[in-house]
Structure formats: C-alpha cells, structure tokens
2 protein chains.
Amino acid sequence: MKKQERQRYIKRLLSSNEIERQEDFVRLLRAEEIDVTQATISRDIKDMQLVKVPSATGGYHYSMPVQKQMDTEKKLKRTLKDAYVSYATQDKFVLIKVLPGNGPALASLIETMHYDNVFGTLGDDSTVLIICKSLDATLELQQMIQRLLSDN
Amino acid sequence: MKKQERQRYIKRLLSSNEIERQEDFVRLLRAEEIDVTQATISRDIKDMQLVKVPSATGGYHYSMPVQKQMDTEKKLKRTLKDAYVSYATQDKFVLIKVLPGNGPALASLIETMHYDNVFGTLGDDSTVLIICKSLDATLELQQMIQRLLSDN
DNA sequence: AGCTATTTTGCATAAATATGAAAGACTGGA
DNA sequence: TCCAGTCTTTCATATTTATGCAAAATAGCT
C-alpha cells in the first residue's frame, strides 16, 4: 500500500515543526525517495484531518487533528497514572520507569502526540526513554509529565 | 475597541459550523453591521490561532485552537466535577443543576467550547440551560457530560 | 486641539491550497 | 490473461489564504 505508507511518513514528519506549507512535505518526502505532488499532499491532509496552526511565533505549521490529540492525551494521562513508577532526567533525556509491560504503549503514545520538542522515544518493557531537542525542551517535557500525573 | 469586538463576534460565529472559508466570516459579519475584508479576517485568524479543520464529512471548517480547547475542556471538567448536582433533558434542552454560584461560570465554559451542536447556553446562579440544535445533538451532549463526569 | 507614534485596515496581488478531469495503478473475478 | 470497477495520482487551474505597502484610524502625549 503506497498511500498508507506515505501517510505514515507524513505523521512522522509532523513532529519536526518546521513544516509550514504543503510544499515542505513534498520536499521532505522526496528526500526519502517518496515522490509526490502538492495536490496529493493536500488530499492526504484532508484525509488525515491535519490542520495548519498559526503558531505563537508568527508562522504557521501543520499539526495533528484536535480530536485525536485530545484522545491521545487522555490515554497518555491514563497510562501514566496507571503505570507510573518514577522518572529522572539527565541532559536532554527523560527516563520514565513504568510497571512491567507498559513501556512500549507509553512510548508509542508519546510518539503519536508529536510533541514539537521531542526528538525521539524508545520504550522497553518497563522503561521509556525520551530524547528531547534541547535542554529547555527537557524541562518543558518534565513539567508536562508532572501536569499529567497531578491534574485530573 | 474595534478589533477585539470583531474577534469576539468571530468566536461566537465559530460554533455555527457552516464556516468553511474566510469569506463566510466576512459575509456573516457584514450581516451584523461589521464591515471587513477577507484580509482582515486572515489576520484575525492568525491572531486568534484559529484552524481550518478538515471535517469528517468531506468539507472544512474553522475551529478553536487545540491548546485553548484542551485547556477549556479541563476547566469545564473540573467545574462540572466540583459543582455538579444533577441533570435532566427534555426535547432539545439539557438542564444542569449545580451548586449555587457556579451556573454562570459553567455556562460560559460551555459557550467557549463552541460545541457545534449547541445552539445556546444560559446560566443563572445554580442552573445551566443548554439548548441544542437537534435531538441527536442533545443525546451527544448528554454523553459528553457523562464522560466528563466519569472519566479522570 | 495638534502632533507623533503605533496599530489596524484595505487594496492589490503573491503565495498557498483545493479540486475537476484525465490518466495510471491496482483488485478481484471470469 | 484480460477486463471492469475502484482507487490513487498528476496536471492544470480555480479557489482560498496571506501579506507588502500605503492609507486610515486610534492612542498617547503636551
């Protein structure tokens, strides 16, 4: 399946927040050997219900649909609350310990949130490692986890 | 203040989900004696960080920013959980009883969520009346309230 | 009020996005 | 295999959105 694969790529590209127009997708996909035109991207965006968000800094960037984000955050929160054991940070890393079996699920949820500041995520059975893009980002992520754990 | 007032109108227009393009805003605002061009709307949308969402039914419509929606839903949930007494529905109405003093706050939160299906909201000291656009909508709203009350 | 700085708007148009229609790919038969 | 139906893509272009710039409005002074 060609289309689905491309759309997976598109999702992955989302977290790198420099995507300001559809042509950016075209360019980035071409770099990955996937040759498409803007027209197709436009249709993909419609399919996937992505939105072009005016960012606080003056530009625009594409992002996950509202509903999905809300749903995912909800699951994320629940998983965190259910399985959370401890966390630690060092440098640009955040390491979350969870109850055995919950690592991959949590990592995948964090992935699909497409946080702008997250470079990558890795989960084994009971540990999730999140690699941030900057030290500031690490702090922010930490606060977000705090928030998810504490609020209801 | 001209701009702010217009932006308030724009927010109010959001809940009527037939707004598919910026020109629709122009048209609807003109109907309310507010004379603007599409250029201004484009800037307002950027200011307010509204997004154009591809809807499930094939079209597009403008909507509140993700973050604000999430924040508001959070407050709404908290308020509901804190102040909820009972609710009842009849026809296209949902009537929520809350602890004294919480009616207006709750009504206003529901307003700012801009639910597509809500025609209007009215809150006195301890009661909130929500008027839906259809019977189906009433059911949906009811379920949403259930969800907010039960989940965490 | 009169003047200056700042903000907001419209106009014109550039830039970006969406889409009809034709062509190409893919699917599951017969 | 060949075909009909379905799905997907591109091309060309219509439609929609964003923006530079000049004019107008607004706000803050004195």
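Small disclaimer: the values here were computed from a predicted structure and weren't measured.
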- prompt: Nearest nucleotide by nearest heavy atom, which residue falls closer to the 5' end of DNA chain D, Ile45(B) or Ala39(A)?
  reply: Ala39(A)

query: For Lys46(B) and dG20(D), what is the distance between atoms NZ and C1' respectively, to the nearest whole Å?
result: 12 Å

Gap between atoms OH and P, on Tyr60(B) and dA16(C) respectively (whole Å): 17 Å

- prompt: Taking OP1 and OP2 of dC11(D), is either one under 4.0 Å from a side-chain nitrogen or oxygen of Gln38(A)?
  reply: no

NZ on Lys3(B) to CD1 on Ile10(B), rounded to 0.5 Å: 10.5 Å

field: Sugar-phosphate, base or nothing in reach of Tyr62(A), heavy atoms under 4.0 Å
entry: sugar-phosphate

Any Arg6(A) side-chain N or O less than 4.0 Å from OP1/OP2 of dT9(D): yes

- request: Have a look at Thr40(B) and say if it touches a base, only the backbone sugar-phosphate, or nothing, with a 4.0 Å heavy-atom cut-off.
  value: sugar-phosphate

query: Rounding to a whole Å, what distance do you find between Glu23(B):CD and dG10(C):P?
result: 12 Å

Integer-rounded Å distance: dA18(C) C1' and Asp47(A) CG: 13 Å

- prompt: So which nucleotide from dC11(D), dT8(D), dA18(D) ends up closest to the side chain of Lys3(A)?
  reply: dT8(D)

- prompt: Rounded to whole angstroms, how far apart are CD on Gln22(A) and C1' on dT9(D)?
  reply: 15 Å

field: Under-4.0 Å side-chain N/O to phosphate OP1/OP2 contact, Lys52(A) with dT17(C)
entry: yes

query: Judged by atom type as modelled, is there a donor-acceptor pair below 3.5 Å linking the side chain of Asp125(A) to the main-chain atoms of Gly101(A)?
result: yes

- request: Provide, to the nearest angstrom, the distance between the CD1 atom belonging to Ile41(B) and the C1' atom belonging to dT16(D).
  value: 14 Å

message: Please compare Arg21(A) and Asp35(B) by the position of their nearest nucleotide in DNA chain C and report the one closer to 5'.
response: Asp35(B)

Euclidean distance, atom CG of residue Asp44(A) to atom P of dT9(D) [Å, nearest integer]: 7 Å

task: Is it possible for you to say whether Phe119(A) and Leu95(A) belong to one hydrophobic cluster, with membership spreading through side-chain heavy-atom contacts below 4.5 Å?
output: yes

query: CG/Leu141(B) to CD1/Ile130(B) distance, rounded to the nearest 0.5 angstrom?
result: 5.0 Å

query: Which whole-number value in Å describes the distance from Ile34(A) CD1 to dT9(D) P?
result: 11 Å

query: Of the nucleotides dT19(D), dA18(C), dT9(D), which has the atom closest to the Ser42(A) side chain?
result: dA18(C)

query: Atom CD of Glu140(A) and atom OG of Ser134(A): how far apart are they, to the nearest 0.5 Å?
result: 7.0 Å

